[in-house]
Every structure is written in C-alpha cells, then in structure tokens.
Protein chains: 2
Amino acid sequence: MTSISVVLVDDHTVVRSGLKALLGTQADIAVVGEAASGEEALEAAQQHAPDVVLMDLAMGAGMDGIEAIKQLRQRTPKQAIIVFTTYDSDADIVRAVDAGAMGYLLKDAAPEEIFAAVRGAVQGKSVMSAPVASRLFQQLRNPDEILTPREAELLSLLTEGLSNRDLGKRLFISEATVKTHLAHIYAKLGVETRAAAIATAIRREGMR
Amino acid sequence: MTSISVVLVDDHTVVRSGLKALLGTQADIAVVGEAASGEEALEAAQQHAPDVVLMDLAMGAGMDGIEAIKQLRQRTPKQAIIVFTTYDSDADIVRAVDAGAMGYLLKDAAPEEIFAAVRGAVQGKSVMSAPVASRLFQQLRNPDEILTPREAELLSLLTEGLSNRDLGKRLFISEATVKTHLAHIYAKLGVETRAAAIATAIRREGMR
DNA sequence: ATCAGTATCAGCCAAAAGGTGGAGAGACCA
DNA sequence: TGGTCTCTCCACCTTTTGGCTGATACTGAT
C-alpha cells in the first residue's frame with residue numbers, strides 16, 4: 001500500500017518540525033511538503049498533490065487559514081484538509097467546517113489522535129478533538145443562539161471598540177439598523193450591554 | 001566542551017517534539033528531559049538538573065507557567081529559564097521576567113533565535129524576541145501609560161462587562177469614583193469609550 | 001514642609017446606548 | 001401561496017456613559 005502523503009502548513013517552524021517528527025514515526029504516512037503561510041500552502045498543495053493538508057488556522061500575516069481552506073477546496077478538491085490549531089473557538093470551528101475542512105484537531109492532541117485523523121481523512125472520515133466535537137454539537141442543539149452572518153460581522157467589528165455610528169459607516173447601514181442587530185446579538189449572547197457582548201465575544205469567539 | 005542540557009516544558013506533544021528535533025540538530029545542545037505540566041517541570045528539573053529550562057507559559061490544567069518559574073527559581077536557582085510561548089502579552093512578559101525568566105521567545109521564532117537564546121542563557125545573557133523586547137522597552141519608556149493598581153483592578157472588572165453602577169458596588173466606591181478611574185484609564189490606554197478599553201485590555205493583557 | 005501621586009467623591013451637561021414596537025423587501029422553502 | 005428568516009429602517013423614550021471642573025484626604029519622597 002502506498003503511504004499517505006501530507007503537506008504541513010503552519011507559520012511556526014517548531015510546530016512543523018514537531019509534526020514532521022511525529023508523523024515520521026508512522027510507516028504509512030509521509031510528509032512531502034511544508035508551508036509557512038496561506039500563499040505557500042496553495043503552492044505546496046499544487047506542487048506535491050498530497051492526500052492530506054494539515055494546517056493551522058492562525059497564520060501571522062497574509063491569507064488566514066479559513067481563506068486558504070476555501071481556495072484549496074476550489075483548486076484541489078480531492079485533498080482532505082485537517083485543521084490543526086491551538087483554540088477551539090466556536091466561530092473558527094464553524095467557519096472551518098463550512099469552508100470544507102475534514103477534521104479539526106487541537107494542538108494538545110495526543111499523537112495517536114493526529115495519526116488517526118490523517119488516516120481517517122483519506123477515507124473520507126472526519127475526525128475532531130473531543131472539545132471541538134462537543135462545541136459543534138452544542139451549536140446544532142441551540143440554533144437560537146447562532147448569529148446570522150451579518151450579526152457575526154457586526155459583532156466582530158464591535159470587538160474593535162467601534163461606536164454605533166462607526167459601525168453603521170463601516171457596514172454602510174443606518175445607525176438604526178446597527179441598533180437592531182445589536183439588540184438581536186445581545187439576546188442571542190444572553191447579555192445586556194455592549195461591554196458584556198464584547199467580553200463574551202472575545203472570550204468565546206476569540207481565544208482562550 | 002560539554003553540551004548544554006535542556007529540559008522542555010510544554011503541554012503540547014507536537015511542540016516538545018518539534019523543539020527536540022530542532023535542538024537535536026545542534027551538537028552542543030542536548031534535550032535531557034520533557035514535561036507536560038508545571039508539576040512535572042519541577043520534578044524533571046530536579047531529576048535532570050539541566051542548564052536550561054525551556055517552557056511554555058500556558059499549560060492547560062494545574063500550575064501555570066509563571067508559578068512554575070517562581071518555584072523553579074527557588075528550588076534550583078542555577079538553572080536558566082527561557083519562556084517559549086505563543087503570545088507577547090504585556091502582562092505575561094512583565095510577570096515572567098519578574099518571576100525570574102532569563103529569556104522570552106515567541107513560538108514563531110526562527111530556529112537560530114532559539115539556539116542563540118539557549119546558548120546565551122547559560123552565559124547569563126538574556127535573549128528575547130524582537131516584539132517582546134520592544135514591548136518591554138515601551139513599558140519602561142512610557143510610565144504615564146502604566147495603570148495604577150486600582151485602575152488595573154477596575155479595568156479587569158470592566159472586561160467582564162459590568163456597568164458603572166456594578167463596578168461601584170463591587171469595589172465599594174461611588175459611581176462618581178468609578179467614572180473618574182475610567183476617565184484616567186481611557187486616557188492611559190488612548191481610547192475614548194469603554195468598549196474600546198475592553199477591546200484593548202483583553203487583547204493587550206490577555207491574548208491575541 | 002511641600003509636592004506628586006493615588007483614591008475618593010460631587011454636579012452638570014451632552015452624547016451614546018439600550019428598550020419597545022412596528023414595518024417593508026427579498027430569499028428560500030414547504 | 002404562505003410562512004419563516006434575514007436585513008434593512010424609523011420614532012420615542014429612558015438609562016448609561018463620557019467630558020469637564022473642582023474638591024478632600026492619605027501616602028511617601030524631596
């Protein structure tokens with residue numbers, strides 16, 4: 001049987017090197033390429049045509065992980081993409097799965113989990129770390145708490161500290177509309193003030 | 001010349017494995033032990049008596065990195081401790097240096113930077129990643145921007161989304177005093193609204 | 001003894017944010 | 001076709017915040 005070819009995408013040399021070392025212990029898995037950015041990832045995926053792309057979502061400058069996933073899916077749809085990242089942020093998980101990720105692993109995953117995910121991915125199985133799976137499950141169970149795309153967009157700008165007026169300008173909508181969206185966001189997040197909304201947004205969507 | 005012995009502390013197997021692989025390429029550096037938590041770190045440091053401890057600050061459960069640094073400094077003061085972490089948060093940097101860290105590297109550091117830090121540490125040199133150094137420098141240069149203890153306390157509660165009234169109750173001061181403190185905080189942070197203050201506070205102190 | 005820094009409080013006023021209720025347009029699905 | 005979502009907008013009113021000015025009191029250093 002041919003071994004599974006993998007391309008690693010992560011802006012941290014240490015992490016790439018660690019993955020390479022770990023995956024290298026498995027006879028049926030071969031790392032055929034590496035990339036440190038979204039742009040490089042596209043190149044590497046084209047050049048090496050791997051079975052699996054294992055990538056981080058957060059990539060310093062340039063294209064972010066989600067965007068890279070989308071483009072990879074378009075250009076080389078046969079490759080399975082596994083997200084390998086530090087945080088189990090709700091937003092990231094949904095967006096990554098939405099963009100076409102096959103699996104979602106956290107960086108504190110045990111080596112065996114990583115191996116299993118890579119092997120599963122080539123068979124079309126999707127593997128996620130336990131905390132990730134439970135978060136996804138929770139989101140499916142409480143559809144009332146899911147923000148609409150527009151609301152999510154607004155919330156993300158909110159976390160930059162903008163006023164209602166600024167939000168309106170930025171999104172080309174009236175201040176009234178901003179207030180409407182905000183009211184809905186507050187209700188969904190279970191808070192009453194923008195301050196609390198920002199706090200929960202950053203803590204839940206952002207990072208921990 | 002004897003080689004430099006290093007103990008790695010990080011709860012991510014991948015990162016430990018990556019560091020081991022990278023450091024393994026250097027003839028004068030030998031990884032003699034690993035630990036996945038603060039508690040294990042103390043054990044490993046005692047057992048292997050390494051020249052250098054390279055450790056992450058964020059460690060899932062149990063003792064955090066800062067606490068581990070403090071205890072290491074007490075028990076085995078001769079070992080140089082280098083922090084190796086993902087974020088350059090102001091608070092973490094100050095606390096780590098305060099606790100006795102010799103160096104502060106970010107995980108996106110180039111391998112050469114890591115080697116240099118390890119070699120420097122045994123000679124008593126402190127090495128930090130450029131962004132880290134610039135943050136420290138900035139803090140020293142702009143004492144005006146340093147919050148007083150009371151202000152910091154307020155800011156931390158602010159990031160929980162409390163109203164002025166609630167802040168007052170929580171701190172046993174009047175709403176007027178809360179407003180005064182807030183005005184000072186805004187000025188020091190360079191923002192105009194509480195929303196922006198929360199955003200910068202969480203991003204600066206916490207994580208990004 | 002004076003001065004700088006910190007922490008506390010007050011009052012006033014303008015601006016921003018939040019609550020309520022209502023409404024129209026377009027998309028999508030049953 | 002009718003129902004449900006989503007996004008957009010408006011008016012009215014209350015509450016909260018922020019800007020400004022000024023004041024008292026304690027601490028510690030000069």
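A note on names: the letters A, B, ... follow the listed sequences, proteins ahead of strands, and every chain is numbered from 1.
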Inset, instruction - Calculate, to the nearest 0.5 Å, the distance between atoms CG and CG belonging to Leu162(A) and Leu171(A) respectively. - result: 9.0 Å
Legend entry - Nearest-0.5 Å distance, CG of residue Leu189(B) to CD1 of residue Ile198(B): 11.0 Å
How many whole angstroms separate atom [atom1] of [X] from atom [atom2] of [N]?
| X | N | atom1 | atom2 | answer |
| --- | --- | --- | --- | --- |
| Arg165(A) | dA15(C) | CZ | C1' | 8 Å |
| Ile185(A) | dG19(C) | CD1 | P | 13 Å |
| His181(A) | dC9(D) | NE2 | C1' | 10 Å |
| Arg150(B) | dC26(D) | CZ | C1' | 14 Å |

Legend entry - Test applied, side-chain hydrogen bond (donor to acceptor under 3.5 Å, both in side chains); reference residue, Thr76(A); option that passes from Gln79(A), Arg73(A), Gln74(A): Gln79(A)
Legend entry - Polar pair under 3.5 Å, donor/acceptor by atom type, side chain Thr180(B), base dC9(C): yes
Inset, instruction - Rounding to 10 degrees, work out the angle separating the end axes of the helix from dA1(C)-dT30(D) to dA30(C)-dT1(D) (five pairs an end). - result: 40°
Inset, instruction - Would you indicate whether the side-chain heavy atoms of Glu192(A) and Tyr186(A) approach each other to under 4.5 Å? - result: no
Legend entry - Earlier contact from the 5' end, DNA chain C, for Leu171(B) and Thr193(B): Leu171(B)
Inset, instruction - Report yes or no: does Ser156(A) contribute a side-chain atom to a donor-acceptor pair with the main-chain N or O of Ala152(A) at less than 3.5 Å? - result: no
Inset, instruction - Return the nearest nucleotide to the side chain of Asn164(A); candidates are dG18(D), dA17(C), dC7(D). - result: dA17(C)
